[in-house]
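Letters A, B, ... mirror the listed sequences (proteins, then strands); counts begin at 1. Excluded from the calculations below are hydrogen atoms, water molecules and symmetry mates; all remaining heavy atoms, backbone and side chain alike, are included.
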Amino acid sequence: MLDKTYQPAEIEPRINEAWTKADAFRSGRPDRAGAPPYSIVIPPPNVTGSLHMGHALNNTLQDVLVRFERMRGRDVLWQPGTDHAGIATQMVVERQLMERQQPGRRELGREEFVRRVWEWKEESGSTIVNQLKRLGASCDWSRERFTMDEGLSRAVIKVFVELFRQGLIYKDKRLVNWDPKFQTAISDLEVVQIEKKGSFVWADGDPEKPFDAEALAKVLKKDPSGHMYHFRYPLAKKVKGYDKDYIVVATTRPETMLGDTGVAVHPEDERYAALIEAGAKVRLPLVGRDIPIVADEYSDPEKGTGAVKITPAHDFNDFEVGRRHDLAKINVLDAFGRIVDGEDVPKAYRGLARFEARRRVVADLAALGLLAKIEPTTHTVPHGDRSNDVIEPWLTDQWYVNAGELAKPAIAAVESGKTTFVPKNWEKTYYEWMRNIEPWCISRQLWWGHQIPAWYGPDGHVFVAYDEEEARAAAETHYAGSNAPLTLTRDEDVLDTWFSSALWPFSTLGWPDETEELKLYYPTSVLVTGFDIIFFWVARMMMMGLHFMKEVPFHTVYIHALVRDEKGQKMSKSKGNVIDPLALIDKYGADALRFTLAAMAAQGRDIKLAPARVEGYRNFATKLWNAARFGEMNECVRQFDFDPHSVTHTLNRWIVGETERAANAVTAGLEGYRFNEAAGAIYEFVWGVYCDWYLELIKPILAGDDEQAIAETRACTAWVLDQCLKLLHPFMPFITEELWAHMVEHGERRLSLLCLSEWPRLSGLSSSTADEEIGWVVRLVSEVRSVRTEMNVPAGAKIPLVLTGASEGTVARARRHDETIRRLARLDGITIADTAPKGAALIVIGEATAALPLEGVIDMGAERKRLSKEIEKAEGDRNKAATWLGNDANVAKSPEHVVELNRERVAEAMDRIARLTAALKRIEG
RNA sequence: GGGCACUUAGCUCAGCGGUAGAGCACUACCUUGACAUGGUAGGGGUCAGAGGUUCGAUCCCUCUAGUGCCCA
């Protein structure tokens, strides 16, 4: 016997165990041999991670699809695994060392540090995996992979070497986004632009208000950004036709002026034409270097003074300007973001932290009378997405992938429809980025990751090879004839984490070996992910998949929304608005959380999660639980030979038809990735149809003495519940699996776990006569209940009902369902009469009128009010439809069924009005 | 500045050329032999605003206002 209340915490671990024991999620099960494959690779969560709401949504949707297809008989592989997450993981371990007051990374040395990271990974890498299991993720856990395990590393090396040999990976010296906190380069994608606006205002000219360096320092201490500084750069020589002896430039980063190698003005800016003409130079203050004034369209005459300082080594735009005019690139920052200790920089600034240097430069220029003004300005400042530190564009040697070349087939594959995005509009975003793609910087100055397979000879010549042995062989050939001992040094850098993630769809299947799995499961069926990693991951998997497998990695990309909090804000630890999915699972169960996420996953919208929703769906689970309990109490057990087509009782004919409709709706929803519609359909069926009506309607049968009807109804009730369990299983796997097992305690044994059972394929079950008949009963019961409430009839009081003007068919219906109607509407009898008794409340239903004689009980004033309201409503309906019909254009141009619909509305409304008016008159008369 | 969304009940969201829906919240009544994590009934919306297309617009188009996101 089922417990009275449903306890998710009790059943979920038990069910998880049963699945594991049965090896239910293994791909390539013998019973699926030859079945069409269905495969999904999980977006590998960071090993450092723990389950957040985004994971919960992402994996719920994948699990819904995977369970659905598994039940449809496919050979399903949901490939799980985790990502080594270079920066994030290295950060976590470094922090841990610090907290434990152990030696830091650099003290430990590379080998020891990496060993510590592996140790940490072994200890806590399974956290997220266990959390996914709690969510119910039906991955093939026997195939779990890690981006740094042996096989995947082999794939990474091969890809690097091959791309290098094909000229698609190369080393280059250019500006990169440098993260001074982690001392590594990062890719464009790992940079987030943050808007800053300062508050310090100052301009020279007012002797009352001298520049106050300390006040500025105070403001900058809070935030070093957000101001535009205007400097006067003195001309090296006075120029004829230009009336001043200086030029004013503006910048938001004063300290970079130490590396200025030019000043740019617009070629058509007449204010500066003379300077360009004369080939004028400015003498860079503080430094004393003479630098040219050049004409370049980059400078905007509308902005500031129209003159900009050019620092090619520390700004992406300036770099380009510098290249066009052959300006020197002077590096004034070191890896930590400090001013370099070198000849190019005046002694006073050497070794200063960058923002300290900023204050110093401004103060020193002010002291020289060269500071014109400071004003607050809104500008975006690049920050590292992990470090949250201000990123410096910095000139270094890094490895790059020629993404532009790899992007071409990746663009074509989406254009030709080999891969489609759902919803479609994300394709535009994908194209936009792919068509303007920049070289991808893949080297990172970290220790945790795949070390780049490149070795340098004594003269710096690079040998890229599968291993040191091969590199050595190549080097020996290269240096043949030289007698010097050959020492090779391996490149210190590791690869961007996303480099290995890009190979995930085929590296996890065993590539570069030609495995069975690769043949069977590649390309994968669908990729499910959030839009925030379309660029990071989806695009790169497309590029790598097409290049190495010559085939797209997935046929469909389903892009889901971001989960936000109730107010629509992105969840973040700093805002303190994070909703922990595990806390919700603890409180309401994994099924409730999953159902909530699926029900809210409408295409193309963010999900604002209200925890009350989860509670609501937990209640839904309880409802299902109790419906099963009802079945159990009434001996509704499954019959193997039950055929829904053969039921004879109207109620059963009706419910099997409704079941078919629900099954079709759920199936269609899932096939179209409309998770919310699928979830909505099964919710409405289970609660609104099966529980609210069917189970109530059959109670009199079960309590009656018609053995045949009882037997059929019991079997039918059990069958419908089974269909509900199946249809609901992808969304709520735990409770459904539990009930599936439990409901046969007294019946036929199950042939399999629910998760491996067959998805309902129903047809030919609906009957219009049954639908009409039960529809009539439902309407009558609802109307009576409604009148009872409005008439303030006590809920416990039983009242009689007199049916008048009923056709033979209606009378027969009323007889057939006499007991049911009496029970649900709380009546003490239904009689047939020619005319309604006096002092009765009247209900118009179809051609008949149902009278509730309530003389003495009834409040005539209330009944008058009720009838008037009904009449008003009917008149509204009639007027609306009649007006519509009154317009000739409507009738002439609308489709026939719309015209007909409106005619019916008018006729029906008129009929109601007539009978309601008669009823009203009788009360008044 | 460029691009993409969004604006529907108190709240969170569906819907979408043919008389507006759900969950939660709210009101009243009900411990009826599955279920108070429940039942029954009910209140609540000129579908942001203004034009246009159409026989007909919450839905399609244009503009306006507001909000959010992405890219510079």
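- Taking atom C1' in both rA34(B) and rU58(B), one finds a spacing of 41 Å when rounded to whole Å.
- Rounded to whole Å, the distance from OH on Tyr430(A) to C1' on rG3(B) is 19 Å.
- Taking atom C1' on both rU32(B) and rG23(B), the two are 26 Å apart, rounded to the nearest angstrom.
- Here, rG3(B) and rA14(B) have their P atoms 26 Å apart, quoted to the whole Å.
- With rG3(B), rU19(B), rC55(B) as the choices, the nucleotide that has an atom nearest any side-chain atom of Lys428(A) turns out to be rG3(B).
- Out of rG23(B), rA72(B), rC55(B), the shortest distance to the side chain of Thr380(A) is found at rA72(B).
- Looking at heavy-atom distances under 4.0 Å, Asp888(A) makes no contact with the nucleic acid at all.
- Look at CH2 on Trp884(A): it is 17 Å from P on rU54(B), rounded to the nearest Å.
- Taking the six-membered ring for Trp and thresholds of 30 and 60 degrees, Phe531(A) and Trp426(A) have nearly parallel ring planes, at less than 30 degrees apart.
- Straight-line distance between the P atoms of rU8(B) and rU19(B): roughly 22 Å, to the nearest whole Å.
- Under the Watson-Crick or G-U wobble criterion, with both distances below 3.5 Å, rC47(B) has no partner in any strand shown.
- Looking at Asp877(A), its side chain never comes within 3.5 Å of a backbone N or O of Ala909(A) through a donor-acceptor pair.
- With C1' as the reference atom, rC60(B) and rG18(B) are 15 Å apart, rounded to whole Å.
- When the C1' atom is compared between rA9(B) and rA20(B), the two are found 10 Å apart, to the nearest whole Å.
- The C1' atoms of rA41(B) and rG52(B) are separated by 44 Å, rounded to the nearest whole Å.
- If you check rG21(B) for Watson-Crick or wobble pairing at under 3.5 angstrom, you find it paired to rC13(B).
- A salt bridge links Arg323(A) with Glu320(A): the distance from a Lys NZ or Arg NE/NH1/NH2 to an Asp or Glu carboxylate oxygen falls below 4.0 Å.
- As the counterpart of rU37(B), no nucleotide is assigned, since no Watson-Crick or G-U wobble pattern has both distances under 3.5 Å.
- To the nearest angstrom, P of rG15(B) lies 12 Å from CE of Met600(A).
- At whole-Å resolution of the value, CG in Asn676(A) and C1' in rU12(B) are 14 Å apart.
- Atoms NZ (Lys424(A)) and P (rC4(B)) sit 17 Å apart, rounded to a whole Å.
- With values rounded to the nearest 0.5 angstrom, Met732(A) atom CE is found 9.5 Å from Tyr683(A) atom OH.
- Checking side-chain atoms of Arg613(A) against main-chain N and O of Ala599(A) turns up no donor-acceptor pair under 3.5 Å.
- With sequence neighbours excluded, the residues satisfying ring-ring contact (aromatic ring centres under 6.0 Å, His included) with Phe675(A) are Tyr558(A).
- The pair Glu392(A)-Arg253(A) meets the salt-bridge criterion, since a charged nitrogen lies less than 4.0 angstrom from a carboxylate oxygen.
- Pairing for rG56(B) is absent, with no Watson-Crick or G-U wobble pair whose two atom distances lie under 3.5 Å.
- Salt-bridge annotation for Lys873(A) and Glu870(A): absent, with no side-chain N of the basic residue lying under 4.0 Å from a carboxylate O of the acidic one.
- Distance, Lys880(A) NZ to rU19(B) P: 9 Å, rounded to whole Å.
- Here rC4(B) sits opposite rG68(B) as a Watson-Crick or G-U wobble pair (both hydrogen-bonding atom distances under 3.5 Å).
- On the C1' atoms, rG15(B) is 32 Å away from rC71(B), given to the nearest whole Å.
- Put simply, CZ on Arg878(A) is 15 Å from C1' on rU19(B), counting in whole angstrom units.
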Sequence-aligned protein contact record of nucleotides 27-43 of chain B, with B where the base is within under 4.0 Å of a protein heavy atom and S where only the sugar-phosphate is: ---S-B-BBSBSSSSS-
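- The side chain of Asn890(A) has rC55(B) as its nearest neighbour among rC55(B), rG23(B), rC69(B).
- In this structure, the CG atom of Leu901(A) is 13 Å from the C1' atom of rG56(B), given to the nearest Å.
- Classification of the Trp687(A)-Phe620(A) ring pair by plane angle, with boundaries at 30° and 60°, yields parallel.
- Each of Lys893(A) and Asn317(A) was assigned the nucleotide of RNA chain B with the nearest heavy atom; the assignment lying further toward the 5' end belongs to Lys893(A).
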